[in-house]
Amino acid sequence: MSKLNPVTKHMEFGGITGVLSITFGLPLLLIAFHQLINDDYQTTLFTNFDLEKILTFKKPLLDICLDAQIWTYYLLWFCGLAVLDVILPGYYKEGVELRDGSKLTYLINGISISSFLLIVLASRFVTTEGALPELQFLYSHILEFTVISILFSFAFSTFIYLFSFIKLRTPNKLSNDERNEKILAAGGNTGNVIYDWFIGRELNPRFGPLDVKLFCELRPGMLLWLLLNLSCMHHQWLTLGRVTDSMILLNVMQSIYIFDGVLNEDGVLTMMDVTTDGFGYMLCFGDLSLVPFSYSVQARYLALNEVTLGLPLTLAILVLGVTSFYIFKASNNEKSAFRQGEKPHLKYIKTERGTNLLVDSWWGVSQHPNYLGDWLYSLTWCLSTGFGNPINYYYSLYFGSLLLHRQQRDEVKCREKYGKDWEKYEKQVPYKIVPYVY
Ligand code: NDP
């Protein structure tokens with residue numbers, strides 16, 4: 001057994017059964033979203049429920065899986081962004097200290113990538129006088145792109161799993177015998193192929209300058225989500241002759257969230273996804289398939305349903321959006337600044353591990369005020385669709401359970417890491433997410 005990579009003893013997500021259910025269940029959910037809301041058929045689940053229509057695909061699934069044109073576009077999108085990720089200018093930032101004392105350096109160039117994409121879109125908009133065939137193509141092939149992104153996630157995470165066994169690694173500070181050993185995720189080294197493939201065996205897979213995890217987290221999926229939303233707005237404009245206030249509100253709020261992620265990518269370097277989780281099917285599928293094809297459900301619904309919110313409701317949703325986004329950003333920024341040595345006036349607990357735990361300001365209110373802001377913001381996206389179809393509220397439900405599960409995983413990690421200091425911390429900050437409630 002290696003000192004650097006101890007064997008993982010505990011399995012999360014209900015072990016192999018849970019992991020297999022998620023592996024096959026979530027892709028089915030994405031396909032179901034398409035079957036429940038598309039140009040030919042829509043159901044609210046309570047009315048107009050037609051199982052036969054739901055189970056009827058516009059073409060045989062095997063043809064979709066083997067669609068060479070969509071595969072080509074998808075691979076061009078993924079590989080093109082990977083190349084841009086490596087060549088576009090940015091600045092370098094160190095990540096958190098790894099188990100062996102080393103730190104990885106990341107190229108932070110979200111602003112270059114976003115500007116590049118926006119310039120391409122704007123120039124296409126001008127040359128085609130607003131009728132963007134690419135967006136219309138994307139809109140009319142959502143099912144094909146969904147299926148192919150799922151297949152790609154399967155293939156890519158399998159490749160990354162196999163790659164984790166190749167002992168190639170940039171030198172670190174350890175003694176010579178372990179110098180070439182890769183760092184594996186603390187939770188993804190059970191030895192069980194299915195579980196480790198799902199959770200992610202290697203902590204930070206890299207191909208030369210390309211950091212696979214950071215790239216997948218912020219580029220192909222997030223930006224595809226943006227394009228899908230724009231394609232829905234574009235479709236509404238083509239079919240309705242105007243764009244509704246609900247569609248504008250949703251696009252604005254989700255674009256802010258997307259660009260906030262892409263432009264403030266150094267904030268991701270301290271997130272659990274980067275510091276703790278391995279890159280396995282869970283993250284790969286989440287980043288590449290779940291984000292674009294389930295987070296765009298509301299826009300897809302609005303593309304087919306003319307929802308006019310009116311000024312009072314639009315303003316009310318906007319106020320909730322601004323407030324929750326502020327809570328989300330202010331709390332995340334505060335922790336990040338504090339961890340970088342800024343804000344020394346805030347109260348904190350000094351731990352034996354050497355890191356300090358904030359117990360003041362946002363971080364005195366609850367243990368995860370950022371989750372609260374993030375969840376409330378997600379609710380505003382659902383509210384923008386009105387109350388006509390409960391499927392649109394799936395996202396808040398899903399995201400609420402994700403954050404709850406994440407909080408529990410984080411608590412286990414922190415309890416183990418900080419021991420008695422964590423108990424002291426819990427006494428000072430007793431609420432986990434929502435003050436006075438939980
Ligand atoms: P947190 O930002 O809450 O980070 C938790 C970590 O921060 C802990 O493991 C601990 O790490 C450290 N920490 C905990 N309490 C304190 C404290 N009081 N003072 C200082 N450090 C503390 O969680 P995440 O990384 O999960 O989430 C970051 C953001 O990303 C959140 O806003 C979340 O909502 C969002 N998110 C969004 C997702 C999406 O799909 N849209 C998915 C997941 C997250 P250490 O070991 O360093 O002490």
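Along the sequence shown, residues are numbered consecutively beginning with 1. Note that these values count all heavy atoms, side chains included, but never hydrogens, waters or copies made by symmetry. Each ligand, and each atom within it, is numbered from 1 in the order the structure gives.
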Just the distances, no angles: every ligand 1 N or O to protein N or O pair closer than 3.5 Å, one line each.
| from | atom 1 | to | atom 2 | distance (Å) |
| --- | --- | --- | --- | --- |
| ligand 1 | 2 (O) | K335 | NZ | 3.1 |
| ligand 1 | 2 (O) | N370 | ND2 | 2.9 |
| ligand 1 | 3 (O) | H368 | ND1 | 2.8 |
| ligand 1 | 3 (O) | N370 | ND2 | 3.3 |
| ligand 1 | 4 (O) | K335 | NZ | 3.2 |
| ligand 1 | 7 (O) | K335 | NZ | 3.1 |
| ligand 1 | 9 (O) | D410 | OD1 | 2.5 |
| ligand 1 | 9 (O) | D410 | OD2 | 3.4 |
| ligand 1 | 9 (O) | K413 | NZ | 2.7 |
| ligand 1 | 11 (O) | K413 | NZ | 3.4 |
| ligand 1 | 18 (N) | L358 | N | 3.4 |
| ligand 1 | 18 (N) | L358 | O | 2.9 |
| ligand 1 | 18 (N) | Y425 | OH | 3.2 |
| ligand 1 | 19 (N) | L358 | N | 2.9 |
| ligand 1 | 21 (N) | R339 | NH2 | 3.0 |
| ligand 1 | 23 (O) | Y371 | OH | 3.2 |
| ligand 1 | 25 (O) | M272 | N | 3.2 |
| ligand 1 | 26 (O) | Y371 | OH | 2.6 |
| ligand 1 | 26 (O) | R406 | NE | 2.6 |
| ligand 1 | 26 (O) | R406 | NH2 | 3.2 |
| ligand 1 | 32 (O) | N332 | ND2 | 2.9 |
| ligand 1 | 34 (O) | D374 | OD2 | 2.5 |
| ligand 1 | 40 (O) | Y295 | OH | 3.2 |
| ligand 1 | 41 (N) | Y257 | OH | 2.8 |
| ligand 1 | 46 (O) | K413 | NZ | 2.9 |
| ligand 1 | 46 (O) | K417 | NZ | 2.6 |
| ligand 1 | 47 (O) | R339 | NH1 | 2.6 |
| ligand 1 | 48 (O) | R339 | NH1 | 3.3 |
| ligand 1 | 48 (O) | R339 | NH2 | 2.9 |
| ligand 1 | 48 (O) | Y418 | OH | 2.3 |

*Ring centres of F338 and Y348 under 6.0 Å apart?*
yes

_Ring centers of F152, Y74 separated by less than 6.0 Å_ = yes

_I want to check a possible cation-pi pair here: K182 against F163, using under 6.0 Å from ring centre and within 45° of the ring axis as the test._
yes

_Aromatic contact between F198 and Y195, with the criterion being ring centroids under 6.0 Å apart: yes or no?_
no

*asked:* Quick check: Y257 with W381 (ring centres under 6.0 Å apart)?
replied: yes

*Distance-only, no hydrogens or angles: does the D196 side chain make a donor-acceptor pair with backbone N or O of R201 under 3.5 Å?*
no

